[in-house]
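Below you'll find the structure, written out as structure tokens, and then a few comments.
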Amino acid sequence: QAKANGKGTFAVFDQAIGSQTIRTMELEVSLRHALEREEFFLVFQPIVAINSGKIQGFEALLRWQHPEYGLIVPSVFIPIAEEMGIISMLDGWVLQNACQQLRRWQQQYPMLNLTMSVNLSSANFMFSNLVETVIQVLEATQILGRHLKLEITESIVMKDPDGSAKVLEKLKEYGVGILLDDFGTGHSSLSYLHQLPFDGLKIDRSFVQEAQYNPQSLEIIKTIISLAKGLRLKIIAEGVETGFQRQMLQDLGCQLGQGYLWAKPLTKRDGDRFIADNVKAMML
Ligand code: C2E
Ligand code: MG
Ligand code: MG
Ligand code: MG
């Protein structure tokens with residue numbers, strides 16, 4: 001009997017191979033061909049105003065539909081792609097496809113000013129032509145820089161503060177927004193917060209979800225929000241699942257949220273429906 005796995009993805013595979021190393025090697029082999037075989041696709045999670053639920057944009061999240069093993073989540077294949085040195089190709093693909101989809105939605109709903117957030121791997125962030133790639137994709141897809149948000153983590157910045165500053169300043173020139181993802185979970189240094197041109201912080205879902213039961217997590221969220229306000233940074237709460245969490249965040253002055261309360265990461269078509277429903281609801 002295959003051991004039940006939290007994500008339900010590898011039960012059969014685990015049993016058949018039985019070794020983490022071989023499993024990784026197997027995935028490496030298929031990962032090399034996954035792009036050309038068009039096994040990747042994006043899902044899009046709405047980001048909404050906490051108080052009204054009005055859509056402001058989406059975060060693009062990568063999925064791998066493996067021909068044998070089924071759906072594989074990024075926490076499994078991103079580290080392998082980083083190890084293999086192909087993550088910049090993958091992130092480039094995501095950037096291109098996410099902006100293409102944003103373009104379609106913007107054309108359908110010009111008055112919404114929708115934005116798209118794209119995650120950048122730490123392994124790839126400093127790769128030499130990131131800025132060129134971003135500019136090229138914006139041009140090709142006719143997306144304004146200010147409608148694109150790049151999500152990076154603290155570990156990226158900590159590794160090379162000076163190098164990061166240069167890259168971020170260049171992206172800023174094109175109006176591209178920079179969000180600090182999973183804020184509070186990494187090795188943060190508060191000094192970077194005002195030295196680097198961030199536009200916003202994403203509060204990690206562990207704080208959001210614990211705050212209801214754990215006074216210390218609540219205190220951390222309060223502190224993050226007041227810090228962000230003082231530095232004029234936007235705040236986005238991740239992993240909002242309950243009405244209670246939503247109300248708490250609204251009371252604390254958090255502007256934006258994303259989470260299962262509003263929507264899971266959606267296929268393009270479900271994204272269409274979400275926007276249409278949202279527009280209708282906002283007109284009522
Ligand atoms: P992240 O950027 O912090 O993305 C948020 C994760 O939280 C997503 O997981 C999303 O599905 C999940 N989530 C959203 N709302 C809720 C909620 O209410 N409850 C719960 N329990 N979870 C929620 P996902 O899609 O598995 O992605 C995991 C991580 O993988 C992302 O964390 C991001 O760091 C990375 N990732 C995803 N797509 C890409 C990509 O295209 N490129 C790179 N480099 N990394 C990616
Ligand atoms: Mg993210
Ligand atoms: Mg996050
Ligand atoms: Mg996260």
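Start at 1 and go down the list; that is how both ligands and their atoms are numbered. Heavy atoms only: backbone and side chains are in, while hydrogens, waters and symmetry mates are out. In this text the structure is predicted, and so the values were computed from the model without any measurement.
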Heavy atom under 4.0 Å from ligand 1: found in [X]'s side chain, backbone, both, or neither?
X: S121; value: both
X: K264; value: neither
X: V43; value: neither
X: Q209; value: side chain
X: R63; value: side chain
X: D181; value: side chain
X: L261; value: neither

message = Does any N or O of ligand 1 fall below 3.5 Å from an N or O anywhere on G259, backbone included?
response = no
ask   = For S75, is at least one N or O under 3.5 Å away from an N or O on ligand 1?
value = no
Any side-chain heavy atom of [X] within less than 4.5 Å of one from [Y]?
X: M116; Y: K149; value: no
X: Q255; Y: I236; value: no
X: N119; Y: I78; value: no

message = Is D181 close enough to the Mg ion (ligand 3) that one of its N, O or S atoms comes in under 2.8 Å?
response = yes
task = Could you confirm whether D182 has any N/O/S atom lying under 2.8 Å from the Mg ion (ligand 3)?
result = yes
inquiry  = Would you say E39 and H66 are linked by a side-chain donor-acceptor pair, where the criterion is simply a distance under 3.5 Å?
reply    = no
inquiry  = Looking only at N, O or S atoms, which one in E59 sits nearest to the Mg ion (ligand 2)?
reply    = OE2
query = Which N, O or S atom name in E151 marks its closest approach to the Mg ion (ligand 2)?
reply = OE1
inquiry  = Salt bridge check, D272 against R269: does any charged N sit closer than 4.0 Å to a carboxylate O?
reply    = no
inquiry  = Is there a ring pair (Phe, Tyr, Trp, His ring centres under 6.0 Å) between W262 and F274? Walk through the geometry before answering.
reply    = CA-CA 9 Å; W262 296 284; F274 185 90; 9.2 Å; no
inquiry  = Between ligand 1 and K202, can you find any atom pair, the residue atom being a heavy atom, that is separated by under 4.0 Å?
reply    = no
key: Heavy-atom donor-acceptor pair, D91 side chain to S121 backbone, under 3.5 Å   = yes
query = Just by distance, do the side chain of E154 and the backbone of L180 share a donor-acceptor pair under 3.5 Å?
reply = no
Contacts of K264 that satisfy salt bridge (charged side-chain N to carboxylate O under 4.0 Å, His left out) - sequence neighbours left out = none
task = Name the option, out of Q245, Q45, Q258, E241, that contains the heavy atom nearest to atom 19 (N) of ligand 1.
result = E241
inquiry  = Please evaluate residues F77 and Y69 with respect to the criterion ring pair (Phe, Tyr, Trp, His ring centres under 6.0 Å), reporting the C-alpha separation (whole Å), side-chain torsions for both, the decisive distance (0.1 Å), and the verdict.
reply    = CA-CA 12 Å; F77 66 82; Y69 313 134; over 10 Å; no
